[in-house]
Amino acid sequence: MSVVAVALGLLGAFFFMAGTVGLLRLPDFYSRAHAAAKCDTVGAGSILLALAIALGPGLAGLKLLGLVILILIAGPTASHALARAADRRGIEPWTREEG
Amino acid sequence: MKGRLAAAFATGVSIPMIAAMAALPRHGSPDQPIHTHVARHYIEQAPESANLVTQVLLDYRGMDTFGEVVVIFAALVAVLVLRARGERPLPAPSPSPIVGFIVRLVTPFFALFAFHVILTGHEAPGGGLQGAAILGGLVLMNGIVFGPERARAFLPTRALPWLQGAGPLAFLAAGILGGITTGFALGYPAHLPVLHEAMLVGVELGIGIGGAVIFSRLYLAMEA
Amino acid sequence: MNELFDLVLLGLLVLTALAVARSRDLAGAAILFAAYSLTLCLLWQHRGAPDVALTEAAVGAGVTTFLFLVVIARTSE
Amino acid sequence: MTPHWLPVLIAIPIAGGVLAPVFSRRTASVWGLGVLAATLGVALGLTGLLADGVISYPMGGWPVPFGIELRFDVLSAFATAVALISALAIWFSSGSQGRVTSPEGIAVLLLCAGGMVGFLLAADYFTLFVFLEILSISAYGMVAMSDERGAGIAAFRYLLMGAAASIVILLSVGLLYTLTGSLNMGDVRLRLPDGGLPLYLALGGFTAGFLLKAAAFPLHVWLPDAHATAPSAVSAILSGLVVKMGVIGLLRTPGLDQLHELLLWIGAASLLGGALFALVQDDLKRLLAYSTVSNIGLIVLGLALHRTGATIHILNHAVVKAALFLAAGAFIHRAGSRALEGIGRSMPVTTAAFAVGAMAVIGIPPTAGFTGKWLVTLGALHAGRPVFAVILLLSSLILALCYARFLVALAFRPARADIREAPVRMLVPILLLVALSLVLGLVGGRLAEFVGF
């Protein structure tokens, strides 16, 4: 059990790391938002999942699972709303020819 | 210049503050007055299952909590009285279908959670004000996504002047009831456990619903 | 380890507070303020005050951020 | 049975304020007047019982250091003035179409009165702070009720300054709790450590916060704008009652004696500074606002030199300054603008009332302002600090000059035929307050005995 938990935790940490690097290095708003969304969904999601597994069956673990579901719903919605708002504002996506 | 002045002022104020904090008894050492005087009494007297914080807030220091609820109410009337009239309302936003669907999906769960926080406040962390903020946030979220009209639909227009005062009014009712049963205003009758429980829940519900209405009206006062 | 966690949170608290004060963009300041509230919320929780933490999260990071953003949208059209 | 009236006294105006939005515009003023009349009745009854000693009430029946205690003492008797002046301010504005008499306006006024009553009765530092917040937040809203230009900015500045003061006071309450483990005023006084930086920081915080709320001289910058732009009925409440809460807060501060020197100099600066600024004002309400700063100076000076004198002046100045602001409101109402020259002949009754009020502020013997000034002057001489007696007299002279200059402009310019005497609903509150100030002046000696610090 704990092997799975550790693996999931490491996976989450990796996605957080990758997302943060992407946030700093990617060229425009849309790609940065894309990277940040990974931190939320996959990163936080798998870390919470790891914690739920580590805690074992019980109320606390169930609450954590609920949180995972909430994050899986809320994270992508927020990214979608952000990207849509940026598009409405007329922010152009980056393309190689311009840069 | 102005920024420098502000920075100098902030430094001048914070240095004695930090020095005084350093001179305070070390945090957590058990023989300090903060742990040996009234706080110890509260801990020793508390029943097993209770959330100590809510016990102190509603019982020993109920008067303060009443005052805080009135503060929030005062903030609402102060805003209502100064709101500009006859301004054109903002155009209703056209929500993305995805965001709209998700907001509609989570709204009932949100509300359920808010009432959970309100009703379990006297046994677990939580309580009226926290629940009120969650409920109010729910109304605000709907208003921001679907426009103020949708937020207004959550509030019963007729009962609004009564509901916005639900917090203070619940406290007043509990105060009078306590006065009759224990002989002291805002006392909680320990010898009548059912009534005691009902009073606690009633006050928490009053704070929760009244607070949620207040948060929503603060938002609506600005939007329309 | 426990103390270290507190210190990191406190440092983050100071940083976000400074960022709020220095921010030129009102909406950005509101968001940074929410970050400040969430840091403070973690700190409360870690210092053993879950009630205050819940209040901080619901009121400080939640409703006030909403209200700030509505006011900013309303005043900068 | 008696002590039960203490929570009732706080509950009446607050319940009235919470329920006020239920009423319509027509009935809200009547509701407000009724609520304040009930408050006044209870407060008068409790004041009458004060001869038998201070009345204490444990909220919820918890013994004293554990629960919250309410106390009705000499300072709490100021609640009568709070109820009376708030009621007269509502009467003064009744029938007008302004925001003051809207249901929300009445609610704010009642909550402010309730906050003040709670502040006066609290015997617990945190309760004191909570009620200070109620009255402050209502006061910010009350300033913003004005349609005058700049009222919004004035209210916002008032809010920022007031919030800064509140934070400092809250921090001090926290420090006191850390030092003593208790919040009850009497208990804290017993358990106070002898010294140390945290204690001084707490005392300094209380002093700075309450002086800011009271608008003593270097911290007065928010007051003239707020009090001059607010509706006149609100100015009467703000200048007469709300700033006094800062001084009363100081009187509730533990270890105030250690701040003797500081209070002396801040009081003196406030006395002179307020009077000098008043001298250069062309606008009547700004003049009155600066005269408030000067009178707050007298009270702060009195805290160090003669507490009875200071306490009496808190009451007397409340009555007199409320009368003056209401009279100013009546002038502006009839003139339709802030240009008041020559209006005096068209409104003789209001002008006469204003003149009596001005005499009282200056401190001419048979009027109310005299007793407090006289006692504080005596205190200065007793303490061997004649400098402060001189400053006091000098500031009185300057204030006399201000008011004389204004009265001359009012009365000795060509009369304005188009203007009539103020309506009855305005005249009666003004005359009541002026009459009360004369009575208070006549019974000054007995009042001093009653206060008797």
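Side chains included, hydrogens not; waters and symmetry mates left out as well; all remaining heavy atoms used. Note on naming: letters A, B, ... go to the chains in the order of the sequence lines (proteins, then strands), and numbering restarts at 1 for each one.
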Take a 6.0 Å sphere around OH of Y60(B) and say whether it holds more than 12 heavy atoms from other residues, nucleotides or ligands. yes

Test your reading of the model: is there a side-chain donor-acceptor pair from Q130(B) to the backbone of A58(C), 3.5 Å cut-off? no

Looking at G131(B), G127(B), A133(B), which has the largest count of heavy-atom pairs under 4.5 Å with chain C? A133(B)

Proximal to chain B - members of residues 59-71 of chain C, heavy-atom separation under 4.5 Å: V59(C), V63(C), F66(C), L67(C), V70(C), V71(C)

When you look at CZ of F113(B), are more than 12 heavy atoms from neighbouring residues, nucleotides or ligands closer to it than 6.0 Å? no

Heavy-atom count around F115(B) CZ within 6.0 Å, excluding the residue itself: above 12? no

